[in-house]
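Worth knowing before you read on, the calculation uses all heavy atoms, side chains too, and leaves out hydrogens, waters and symmetry mates.
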Amino acid sequence: MDWFSYLTSGIGVYVALVVFTGGMAWRVWQWSRTPRSPVRLALYPKPKTGSARFGKLLVDTFVAPQSFRIAPAVMIAAMLFHLAALAAFFGHLRLVHEFDPLVGWLGEGGMNTFAAWSGGAAGIIMMAAILYWLGRRTFGAFKNLSVPEDYLLLVLLLGIVVMGNHLRFVGGLHADTYRAWFQSLLALNPSFPADMAGRGEIWALDWHMLFVDAFLIYFPFSKLTHAIGAFATNLVRSGE
Amino acid sequence: MEKKTIESMVGVLDARMNRQLKQYMDICARCAICKDACHQYVATGDMKYLPARRAELLRQIYRKYFTKAGQFMPALYEAREPDENLIDELYESTYACTGCRRCTYFCPFSIDTGWITAVSKGVLIAAGRGNEMLGQLADAALFKADNMDMFDSIIVDGFKDVERELREETGRDVAIPVDVAGADILYVALAGSHSIKPAAVIFDAAGASWTLSKFEAANYGFFFGDPAKAKLIADRFMNEAKRLGVKEVVITECGHAYRVAEMFYEAWAKEKMPFKVRHILEVIDDYIKDGRITVDPKAITQRVTYHDPCQIGRNGGIYEQPRDIVTAIAPDFVDMTPNRETQWCCGGGGGIVAMEEFNTVRLASGGKKVEQIRATGATILACPCENCRLQIEELDKVHDLGLRIVPVMELVAEALVPKK
């Protein structure tokens, strides 16, 4: 690994994970030590039973049906993006361990085809959603509502996705090779495997990881804390 | 802006900070889904009325003084020290907000712009920019409470006049009881006899044990944005209820007064009240269903529609009782679309009807309500909130809707069948 690779695809990953985990814990701790509103900020109607209230909280947070009704285009883009990001996250777990049952079922060739199609689709969907949001912020009526943070996050996401798509569509390395690199990270001894030496994919991976590192480091200090906070704020619809 | 003033504003924000507000400040994605939810933004397209923008103005101060990230990288978050420009925009966007929370309903994170603007009002008061009219009305209510020796006989005489009016109008003796210790109900009305007479007739028909509060339900301290004053104003009738030992406090057809008494007061007072709080329509609905009063099911022959006041419906949970009452007396009832939790705000809440400077946006923002009412073809609008009625009466004149806008209990009083 040269210094840039070591910074982005080696030590940078550890730094990012520590800051992300510590930052999110700090954020949640900050919220939890702030007293709840003493007055009831309720929205009605509310479900009557505890299980119905819990179910409503999950639906409100994961689906937000009322938001779909009023802003279908934005919500479709948001939902597609989040689902594609979730799919991409699960796909990346292949770097931890090969999905053996799936390989057994689909065969090695079938697995590769499935990964190529699903990963490719997820990457394209995410890129389309990010470009839609960038366009909406830059050219829409809400340019004045946006702050630099909004653009920074979209640029970081775009960088992650573009470089990821580059590795997916242009690069020629198999997941096994990336797994070897990832395993070296897990072993706290980051290094590229021998079959990556001299490959053009390295710069794309380094840039992909640079954006990932920056994104994870910035996450706890950004509005993206809605990933956790929305569960609490949506309680207004289901709890007291 | 002077350092001392800024410190005072930041101090208010600190004092009013709670978990929900902190989360609202931290997680808003500025997705602007709220744009189509707000009647003022829909009517004007003016960014200062966009709910997310209303919150963003307070967030700029929050980021500057309450987050390390905002202090370290202010430009990234547009964190800023408050100045006159910020205060001017904050004033316009905050006091214009009717607190209807329709944006909260449609927000994927349920961000409560009504609560945020309530805190912004506190910040504005600290900056010396609280709305003067609302502040004066709040002070007037407190002056009355502090000088009851001066007002007591005038108030009681006024109630005697209402009894006389009722005798002339109904031909019956309907008592307006005052200061009745041990009564079941303390009824809290508004200034003016229109909120007393129908309730008195209904209580009388139901044989209810009740007494009328000497204080009005309206709470301009709440609209002004000062919870301490709002509590003192509500103290007036809450203390009266405790003194008289009533079983329940019944709030008249007034949206914010119901929410203050039912949702907020115990938290402000830091004590559990020895009585329950109900809206008058909950009580009347029970009277009809329990057979304590009899109403003519065909009493109202014209088409009637019903407006869900935001503070009673979306923010208070009372949707069905008013509809049950109206359908019990008016066979031709047509609901508006949308209704209940997605009902459009009429544009008259949050004290805006008392602030002339917002007349233009207020009347423009009633456009959706006008469309809704027109679509029903109704000639009577049952409306259990004083501010909504004042707003819709004005909309009625401007748009020539030809409506009769009445409290629900007035229709019930008209539909009462005398006991044999």
Is it the case that more than 12 heavy atoms not belonging to [X] sit under 6.0 Å from its [atom1] atom?
| X | atom1 | result |
| --- | --- | --- |
| B:Phe275 | CZ | yes |
| A:Tyr6 | OH | no |
| A:Tyr14 | OH | yes |
| A:Phe169 | CZ | yes |

With a 4.5 angstrom heavy-atom cut-off, is it the side chain or the backbone of [X] that approaches chain B, or both, or neither?
| X | result |
| --- | --- |
| A:Ala71 | side chain |
| A:Thr225 | both |
| A:Leu145 | both |
| A:Arg33 | neither |
| A:Asp60 | backbone |

Between atom [atom1] of [X] and atom [atom2] of [Y], what is the distance when rounded to the nearest 0.5 Å?
| X | Y | atom1 | atom2 | value |
| --- | --- | --- | --- | --- |
| B:Glu56 | A:Asn144 | CD | CG | 11.5 Å |
| A:Thr233 | B:Gln23 | OG1 | CD | 6.5 Å |
| B:Asp112 | A:Leu43 | CG | CG | 7.0 Å |
| B:Met73 | A:Glu149 | CE | CD | 9.0 Å |
| B:Phe106 | A:Met75 | CZ | CE | 12.5 Å |
| A:Leu41 | B:Arg101 | CG | CZ | 6.0 Å |

For [X] versus [Y], what's the shortest heavy-atom pair and its separation?
| X | Y | value |
| --- | --- | --- |
| A:Gln66 | B:Cys107 | NE2-O, 3.6 Å |
| A:Val39 | B:Ala267 | CG1-CB, 3.6 Å |
| A:Pro148 | B:Ala75 | CG-O, 3.2 Å |
| A:Arg237 | B:Ser110 | NE-OG, 2.7 Å |
| B:Pro108 | A:Ser67 | N-OG, 3.2 Å |

Taking the side chain as C-beta and beyond, is there a heavy-atom pair between [X] and [Y] under 4.5 Å?
| X | Y | answer |
| --- | --- | --- |
| A:Arg40 | B:Glu262 | yes |
| A:Pro45 | B:Glu341 | yes |
| B:Arg59 | A:Val147 | no |
| A:Pro35 | B:Asn18 | no |
| A:Lys223 | B:Cys28 | no |

Does the [X] side chain pair with the main chain of [Y], one donor and one acceptor, at a distance under 3.5 Å?
| X | Y | answer |
| --- | --- | --- |
| B:Arg340 | A:Tyr44 | no |
| A:Arg36 | B:Gln20 | no |
| B:Lys22 | A:Trp31 | no |

Residue among [options] with most heavy-atom pairs under 4.5 Å to chain A:
| options | value |
| --- | --- |
| B:Asp26, B:Asp36, B:Asn315 | B:Asp26 |
| B:Lys270, B:Lys68, B:Lys35, B:Met17 | B:Lys35 |
| B:Tyr105, B:Phe264, B:Trp115 | B:Tyr105 |
| B:Glu266, B:Arg314, B:Met25 | B:Arg314 |

Which one wins on heavy-atom pair count under 4.5 Å against chain B: [options]?
| options | result |
| --- | --- |
| A:Leu153, A:Val74, A:Ile70, A:Ile228 | A:Ile70 |
| A:Tyr151, A:Trp133, A:Phe231, A:Phe142 | A:Phe142 |
| A:Ala64, A:Ser32, A:Ala78, A:Ala227 | A:Ser32 |

Please look at [X] and chain A and tell me whether the side chain, the backbone, both or neither of the residue comes under 4.5 angstrom of a heavy atom of that chain.
| X | result |
| --- | --- |
| B:Thr342 | side chain |
| B:Leu21 | neither |
| B:Ala69 | side chain |

Using 30° and 60° as the class boundaries, would you call the ring planes of B:Tyr77 and A:Tyr218 parallel, tilted or perpendicular? tilted
